[in-house]
Undergrad: 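Please read through the structure below; I'll follow up with questions.
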Amino acid sequence: MDALKDDKVNMIGLCGMGGVGKTTLVKEVGTIAVELQLFPVVLMATVSQNPNVTDIQHLMADKLGLNIKKKNTNPGRADLLRQRLKQVEKMLIILDDVWKYIDLKEIGIPFGDDHRGCKILLTTRLQAICSSMECQQTVLLRILSEDEAMVLFRINAGLRDGDSTLNRVAREVARECQGLPIALVTVGKALRDKSEVEWEEAFRRLKNSQFLDMEHIEEQKTAYACLKLSYDYLMSKETKLCFLLCCLFPEDYNIPIDDLTRYTVGYELHQDVESIGDARK
C-alpha cells in the first residue's frame, strides 16, 4: 500500500512461492485501493506460464466496456486498448502469475512516459522477473508464522477451543503444512468434522508423503502432498473424476460447463439422466 501511494513508484513486484497467497493478497490490495479512492480504475489479468496476449487484451477491454473484437490482430487491439487506457487519469493494473518478461506495449498498456498515471503491480514466483521488469519496489511474501498458520487452519477446519485432544493433533497436522496458506486451507477443509482417528491418519500420511516419480517439485512438495490429501478426502468417485477432467484443461482456463458436461456424460458419470440437458442441470 505504501508503494501504491508513492508517486515515484510505478512498477511493483510481489514475489513468493506457489501457494503462499500472492493472488489473494493482490485482489485484496485492489479492493482497498478502490475503497481509498487511490485509483478510479483497477484492472486485473492472469498471465500464467504461457501468456495469451489476445485473452489479456479482451479481458481488460471487457472491464473497460471497450469493443475490440472488430480488430483481427494483436497490434490493432493494442492500439484501441492503449487509446482507451490513456483516457484514464490514474489506474492500477494487476498482472498475476508472471513467469517471464512481458512486453506491455504488445498488450496495449501505456506505461512510463507514455502514461504517468498507470501503475503496475505484478506477482511472480521468480525474483528475477522483478529485475527484468524493472520493479522499483519488490515485496517478498513469505510463509506464515506458526501462530498465524494455526489461526488460518483452525478457521478452515472449524475447530473449537474446548477440544484439547483434537487441537493437539491439529497443531501437528498444521505444522506439516509448513506455513503455506494453500495447504492450510485445503487440508483444514478436508478434515472438517472428521474424527480424531481420521486426523491422526491424515497426519501420518502427510508426514510420510513421497513424490519419487515427479521431477522439480522440491519447493512445492508440501503443496502437492496437501492437495493430494484433499483430493483423497473427496467423498465420491464422481467428484474425483470431475476434478481430474478439469485438470486436463490448460492452467487458468475458464472451463465451459457445456464442455465439462459432455465429458462427464461420455464417462458415464450421469447414468440416471436421459439427456445432455438433464446432465447439465
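Heads up: numbering here begins at 1 and tracks the sequence.
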Undergrad: Heavy-atom distance under 4.5 Å between the side chains of M133 and M11, does that happen here?
TA: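 When only atoms from C-beta onward are counted, M11 and M133 do touch, with a gap below 4.5 Å.
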Undergrad: Do the side chains of Q136 and I12 get nearer than 4.5 Å, heavy atoms only?
TA: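 They are not in side-chain contact.
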Undergrad: If we only count heavy atoms from C-beta on, is the L104 to L95 side-chain gap below 4.5 Å?
TA: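 In short, these two side chains touch, coming nearer than 4.5 Å.
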Undergrad: With a 4.5 Å cut-off on side-chain heavy atoms, are K105 and F111 touching?
TA: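 Sidechains of K105 and F111: no contact.
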Undergrad: Answer with yes or no whether the hydrophobic clustering places I120 together with M44; edges join I, L, V, M, F, W, Y residues whose side-chain heavy atoms lie under 4.5 Å apart.
TA: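 No: no chain of side-chain contacts under 4.5 Å links I120 to M44.
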Undergrad: Near E200 CD, under 6.0 Å, is it more than 12 heavy atoms from other residues, nucleotides or ligands?
TA: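 It does: E200 CD has more than 12 such atoms within range.
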Undergrad: Going from CG on L241 to CD on E268, what distance comes out if it is rounded to the nearest 0.5 angstrom?
TA: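 CD of E268 is found 11.0 Å from CG of L241.
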Undergrad: Let me know which of I102, T123, T124 forms a side-chain contact (heavy atoms from CB on, under 4.5 Å) with I129.
TA: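 Single side-chain contact (heavy atoms from CB on, under 4.5 Å) partner of I129 among I102, T123, T124: T124.
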Undergrad: Using side-chain contact (heavy atoms from CB on, under 4.5 Å), reason through L126 and C15 one step at a time and then give a plain yes or no.
TA: CA-CA 7 Å; L126 310 170; C15 185; 6.0 Å; no
Undergrad: Are Y101 and I93 connected, step by step, through hydrophobic side chains (Ile, Leu, Val, Met, Phe, Trp, Tyr) whose heavy atoms are closer than 4.5 Å?
TA: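 They do share one cluster, since a chain of ILVMFWY contacts under 4.5 Å joins Y101 to I93.
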Undergrad: Would you sort out whether I109 and C118 count as a side-chain contact (heavy atoms from CB on, under 4.5 Å), showing the intermediate values?
TA: CA-CA 8 Å; I109 299 175; C118 178; 4.0 Å; yes
Undergrad: So, do V20 and L180 sit near enough that their side-chain heavy atoms are less than 4.5 Å apart?
TA: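 V20 vs L180: side chains touch.
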Undergrad: Say whether T239 and S236, considering side chains only, have a donor N or O and an acceptor N or O under 3.5 Å apart.
TA: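 Side-chain D/A pair, T239 to S236: present.
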Undergrad: Under 4.5 Å between side-chain heavy atoms, counting indirect links through other Ile/Leu/Val/Met/Phe/Trp/Tyr residues: same cluster for Y224 and L244 or not?
TA: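 No, Y224 does not connect to L244 through the hydrophobic network.
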Undergrad: When you compare the side chains of N74 and T54, does any donor N or O come within less than 3.5 Å of an acceptor on the partner?
TA: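 Side-chain D/A pair, N74 to T54: present.
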Undergrad: Going from CZ on R171 to CD on E176, what distance comes out if it is rounded to the nearest 0.5 angstrom?
TA: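 Spacing of CZ (R171) from CD (E176) equals 14.0 Å.
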Undergrad: Indicate, with yes or no, if the rings of Y233 and W199 have centres closer together than 6.0 Å.
TA: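 No; W199 has its ring centre 6.0 Å or more from that of Y233.
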Undergrad: Using side-chain heavy atoms (C-beta onward) and a distance below 4.5 Å, is V29 in contact with L121?
TA: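 A side-chain contact exists here, since the closest heavy-atom pair is under 4.5 Å.
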Undergrad: Other residues, nucleotides and ligands only: do more than 12 of their heavy atoms fall within 6.0 Å of NZ on K27?
TA: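 Open.
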Undergrad: Take F153 and V173, measure what side-chain contact (heavy atoms from CB on, under 4.5 Å) needs, and give me the verdict at the end.
TA: CA-CA 9 Å; F153 189 72; V173 174; 3.8 Å; yes
Undergrad: What heavy-atom pair brings L64 and R84 nearest, and what distance separates the two atoms?
TA: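 What the structure gives for the nearest pair is O-NH2, 3.8 Å.
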Undergrad: Rounded to the nearest 0.5 Å, how far apart are CD of Q57 and CG of D62?
TA: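 Answer rounded to 0.5 Å: 11.5 Å.
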Undergrad: Quick check: do K90 and P40 have side-chain heavy atoms less than 4.5 Å from each other?
TA: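 With C-beta onward as the side chain, the pair touches.
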Undergrad: Is the CG atom of N67 crowded by more than 12 outside heavy atoms at less than 6.0 Å?
TA: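 For N67, atom CG is crowded (more than 12 foreign heavy atoms under 6.0 Å).
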Undergrad: Would V47 and W99 count as a side-chain contact (heavy atoms from CB on, under 4.5 Å) if you check the C-alpha gap in whole Å, the side-chain angles of each, and the deciding distance to 0.1 Å?
TA: CA-CA 8 Å; V47 179; W99 286 77; over 6 Å; no
Undergrad: So does G16 get a backbone contact from the side chain of K22, meaning a donor-acceptor N/O pair under 3.5 Å?
TA: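 Yes.
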Undergrad: Is the closest basic N to carboxylate O distance between D2 and K5 below 4.0 Å?
TA: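 No, no charged N to carboxylate O under 4.0 Å.
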Undergrad: Please determine, by modelled atom types, if T23 and D96 share a side-chain donor-acceptor pair under 3.5 angstrom.
TA: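 Yes.
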Undergrad: Could you state whether I32 and L38 fall into the same hydrophobic cluster, counting links through intermediate Ile, Leu, Val, Met, Phe, Trp or Tyr residues with side-chain heavy atoms under 4.5 angstrom apart?
TA: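 I32 clusters together with L38.
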Undergrad: Any side-chain to backbone donor/acceptor pair from K71 onto D79? Under 3.5 Å, distance only.
TA: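 Not confirmed, K71 side chain does not pair with D79 backbone.
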Undergrad: Of all heavy-atom pairs between V98 and L122, which one has the smallest distance, and what is that distance?
TA: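 Shortest heavy-atom separation between V98 and L122 comes out as CG2-CB, 4.1 Å.
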Undergrad: With rounding to the nearest 0.5 Å, note down the distance linking NZ in K194 to CD in E201.
TA: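 Separation between the atoms: 13.0 Å.
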Undergrad: CD1 of I155 to CZ of R192: how many Å apart, nearest 0.5 Å?
TA: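 Between I155 CD1 and R192 CZ, I get 10.0 Å after rounding to 0.5 Å.
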Undergrad: Is the number of heavy atoms from other residues, nucleotides or ligands within 6.0 Å of CD (Q87) greater than 12?
TA: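 More than 12 heavy atoms, drawn from other residues, nucleotides or ligands, come within 6.0 Å of this atom.
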Undergrad: Is V187 reachable from V169 through a run of I, L, V, M, F, W or Y residues, each pair having side-chain heavy atoms under 4.5 Å apart?
TA: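 Both belong to a single hydrophobic cluster.
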Undergrad: Looking only at non-hydrogen atoms, find the nearest pair between I68 and R77 and report the distance.
TA: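 Heavy atoms of I68 and R77 come nearest at O-CG, 3.6 Å.
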Undergrad: With a sphere of 6.0 Å drawn around CE of M1, does it hold more than 12 non-hydrogen atoms of other residues, nucleotides or ligands?
TA: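 Enclosed: over 12 neighbouring heavy atoms sit under 6.0 Å from CE of M1.
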Undergrad: Might you point out which heavy atoms bring I94 and G30 nearest each other, and give the distance in Å?
TA: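 Heavy atoms of I94 and G30 come nearest at CD1-CA, 4.2 Å.
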Undergrad: Does E251 have more than 12 heavy atoms from other residues, nucleotides or ligands lying within 6.0 Å of its CD?
TA: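 Yes, enclosed.
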Undergrad: One thing to verify: whether K207 and E172 come together as a salt bridge, which I'm taking to mean a side-chain N less than 4.0 angstrom from a carboxylate O.
TA: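 No, no charged N to carboxylate O under 4.0 Å.
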Undergrad: Any donor-acceptor pair under 3.5 Å linking the side-chain atoms of E28 with those of T31?
TA: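 Per modelled atom types, T31 and E28 side chains form no pair under 3.5 Å.
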Undergrad: Taking atom NZ of K189 as the centre, does the number of heavy atoms from other residues, nucleotides or ligands within less than 6.0 Å exceed 12?
TA: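 No.
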Undergrad: side-chain hydrogen bond (donor to acceptor under 3.5 Å, both in side chains) with R262: which of D258, D259, T264?
TA: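 Among D258, D259, T264, the one meeting side-chain hydrogen bond (donor to acceptor under 3.5 Å, both in side chains) with R262 is D259.
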Undergrad: Look up atom CG in D55 and atom OG1 in T46, then write down how far apart they are to the nearest 0.5 Å.
TA: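 The CG atom of D55 sits 10.5 Å away from the OG1 atom of T46.
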Undergrad: Looking at every heavy atom in both C242 and L260, which two are closest together, and how far apart are they?
TA: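 Nearest heavy atoms, C242 then L260: SG-CD2, 4.0 Å.
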Undergrad: Restricting to non-hydrogen atoms, name the atom on A3 and the atom on V9 that form the minimum distance, rounded to 0.1 Å.
TA: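 Looking at all heavy atoms of both residues, the closest pair is O-CB, 3.9 Å.
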Undergrad: Do side-chain atoms of E148 reach the backbone of S145 as a donor and acceptor pair under 3.5 angstrom?
TA: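 Yes, the answer is positive, given that a donor and an acceptor are paired below the 3.5 Å cut-off.
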Undergrad: Could K86 and D114 be called an ion pair, given the rule that one side-chain N must be under 4.0 Å from one carboxylate O?
TA: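 Yes.
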Undergrad: Can you tell if the side chain of V185 reaches within under 4.5 Å of the side chain of L152, non-hydrogen atoms only?
TA: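 Yes, their side chains come closer than 4.5 Å.
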Undergrad: Any side-chain to backbone donor/acceptor pair from Q83 onto L80? Under 3.5 Å, distance only.
TA: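 Flag not set: sc Q83 to bb L80 has no pair under 3.5 Å.
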Undergrad: Is atom CD of E238 surrounded by more than 12 heavy atoms (other residues, nucleotides or ligands) closer than 6.0 Å?
TA: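 Buried by this count: over 12 neighbours within 6.0 Å.
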Undergrad: Do D232 and R205 sit within salt-bridge range, that is, some charged N less than 4.0 Å from a carboxylate O?
TA: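 Yes.
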Undergrad: Aromatic rings Y231 and F243: how do their planes relate, parallel, tilted or perpendicular, breaks at 30° and 60°?
TA: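 Correct class here is tilted.
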Undergrad: Is the side chain of K119 donor-acceptor paired with the backbone N or O of D6 at a distance under 3.5 Å, no angle test?
TA: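 Yes; judged by distance alone, with no hydrogens or angles, the pair exists.
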Undergrad: Can you tell me if N167 uses its side chain to pair, donor with acceptor, with the backbone of R160 under 3.5 Å?
TA: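 Here the side-chain-to-backbone pair exists.
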